[in-house]
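What you see below is based on every heavy atom in this structure, not just the backbone, and it leaves out hydrogens, waters and symmetry mates.
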Amino acid sequence: MALRAIRLIGDEMLTKPCREVKQMTPRTQELIDDMLETMYEANGIGLAAPQVGVLRQIAVIDIWQDDVIEYEKELEESEESELSEDSENAGDNEEPEDESKSKIPEEPEEESEPKSNEKPEKESEPENPEGSEGEPDEDDEWIEDEEFTGPLIMINPVITRKEGEQTNDEGCLSLPGKVGKVTRPYLIEVTYFDENMESYDMQAEGLLARAICHEVDHLAGHTYVEFVEGEIHDVGSDDSEEDEEDEEKEEPAASEEEKTAGDRTKGPDAADETSE
């Protein structure tokens, strides 16, 4: 295995669609091994072949690294804490009910006795004809993302279904140190071949769905910067830092107002000295 140079955004290689892989060869296997080593060395969770200068439909993904799992847990706990605070604030803002208002007692519903010879109606099950969209056939082997422990090798991946939305910061090894808000489907279904050229169907959600969409875009000649909502910013920058910068900018303005107010309290003699 060997490290390969990662092409940066602006490189023409990242704008070209990739060709399908027809068969596994020693050279292709070597490429996959090099891509994994390069991804880990760069602290990434995904890498596509065009990012190392090869126009083949190959991507490697590993969201099961210890630091990534720990980050995801912290992110979930933070989101749960924010939701809890929002619900508490909403409860505090609710106006108490006026007990003086007259309440109309509800009449109890009459329970209908079932006939002795009558069987309870069975809930009708939705029909699912064979081969209907959105549901795999019984003979197909579907893989849930929970079954994986990484790394995931995807050859000729094709996303066949998208559902829901998720918006979060997204970065790329081809634009190191930068992230931007991107909306992706929350759940996807994808077909692909592994390094043994065996076909699989996978259902993925959350971070894995985001990573797969990101890499599939690379294979089609697109990068995440084309889909960023707002501005691309440095990793780790947040609203609190912007607020601190705003406060620093406001401080000189406040001191100038105090100075002006002080000048207005000076007597005529002081004003003459200033004008001189």
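The local environment of CD in Glu165 is sparse, with at most 12 non-hydrogen atoms from other residues, nucleotides or ligands closer than 6.0 Å. Open room surrounds CD on Glu12; 12 or fewer heavy atoms of other groups in view lie less than 6.0 Å from it. Dense packing is recorded around CD of Glu226, with more than 12 heavy atoms of other residues, nucleotides or ligands lying under 6.0 Å away. Surrounding CD of Glu41 are at most 12 heavy atoms belonging to other residues, nucleotides or ligands under 6.0 Å away.
A side-chain donor-acceptor contact under 3.5 Å links Gln65 to the backbone of Gly44. A donor-acceptor pair under 3.5 Å is formed between the side chain of Glu37 and the backbone N or O of Ala2.
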- Message: Quick one, Asp169 with His233, criterion side chain to side chain contact (heavy atoms under 4.5 Å, CB included). Give me CA distance, side-chain angles, the key distance, then yes/no.
- Response: CA-CA 10 Å; Asp169 278 343; His233 54 276; 3.6 Å; yes

- Message: The test is side chain to side chain contact (heavy atoms under 4.5 Å, CB included); show your working for Glu205 and Gln166 and say whether it passes.
- Response: CA-CA 10 Å; Glu205 62 181 30; Gln166 56 170 321; over 6 Å; no

- After noting the C-alpha distance and the side-chain angles of Leu31 and Val52, does the key distance pass the side chain to side chain contact (heavy atoms under 4.5 Å, CB included) rule? CA-CA 9 Å; Leu31 169 63; Val52 292; 4.1 Å; yes

- In sequence, state the C-alpha distance, the side-chain angles, and the governing distance for Met24 and Asn196, and then conclude on side chain to side chain contact (heavy atoms under 4.5 Å, CB included). CA-CA 7 Å; Met24 181 58 57; Asn196 298 317; over 6 Å; no

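Considering all non-hydrogen atoms of both residues, Gln57 and Pro157 come closest at O-CD, 4.1 Å. A pairwise comparison of heavy atoms in Ala209 and Pro185 identifies CB-O, 4.0 Å as the closest pair. Smallest separation of non-hydrogen atoms from Glu20 and Asn156: CA-OD1, 3.4 Å. Pro50 and Leu219 make their closest contact through CD-CD2, 3.8 Å (heavy atoms, listed as atom of the first residue, atom of the second, distance). In plain terms, the two heavy atoms of Leu14 and Leu8 that are nearest each other are CD1-O, 3.5 Å.
Taken to the nearest 0.5 Å, the CD atom of Gln23 stands 13.0 Å off from the CZ atom of Phe193. In this structure, Ile159 CD1 and Met202 CE are separated by 12.0 Å, a value rounded to the nearest 0.5 Å. Separating the CD1 atom in Ile6 from the CE atom in Met35 is a distance of 10.0 Å, to the nearest 0.5 Å. Atom CG of residue Leu207 and atom CZ of residue Arg184 lie 11.5 Å apart, to the nearest 0.5 angstrom. Distance check, rounded to the nearest 0.5 Å: CE of Met197 to OG1 of Thr25 gives 10.0 Å.
Taking a 4.5 Å side-chain heavy-atom cut-off between Ile, Leu, Val, Met, Phe, Trp and Tyr, the cluster of Leu55 extends to Met13.
Placement of Leu187 and Ile212 in two distinct hydrophobic clusters is found when ILVMFWY residues are connected by side-chain heavy-atom separations under 4.5 Å, directly or transitively. A single hydrophobic cluster is seen to contain both Val54 and Ile153, as judged by linkage of ILVMFWY side chains at heavy-atom distances under 4.5 Å, directly or through other members. Val216 and Tyr200 fall within a single hydrophobic cluster, where Ile, Leu, Val, Met, Phe, Trp and Tyr side chains are chained together by heavy-atom contacts under 4.5 Å. Hydrophobic clustering (ILVMFWY, side-chain heavy atoms < 4.5 Å, transitive): Ile9 and Leu47 are in distinct clusters. Tracing side-chain contacts under 4.5 Å through hydrophobic residues (I, L, V, M, F, W, Y), one reaches Ile45 starting from Met154; they form part of the same cluster.
Put simply, the side chain of Ile32 reaches to within 4.5 Å of the side chain of Ile155, judged on heavy atoms. Put simply, the side chain of Thr28 does not reach to within 4.5 Å of the side chain of Arg56, judged on heavy atoms.
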Name each donor-acceptor pair under 3.5 Å that joins a side chain in residues 171-182 to protein atoms two or more places apart or in another chain, with its distance.
residue	atom	partner	partner atom	Å
Ser174	OG	Arg7	O	2.7
Ser174	OG	Gln51	NE2	3.0
Lys178	NZ	Asp234	OD1	2.4

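With sequence neighbours excluded, the residues satisfying salt bridge (charged side-chain N to carboxylate O under 4.0 Å, His left out) with Arg210 are Glu170.
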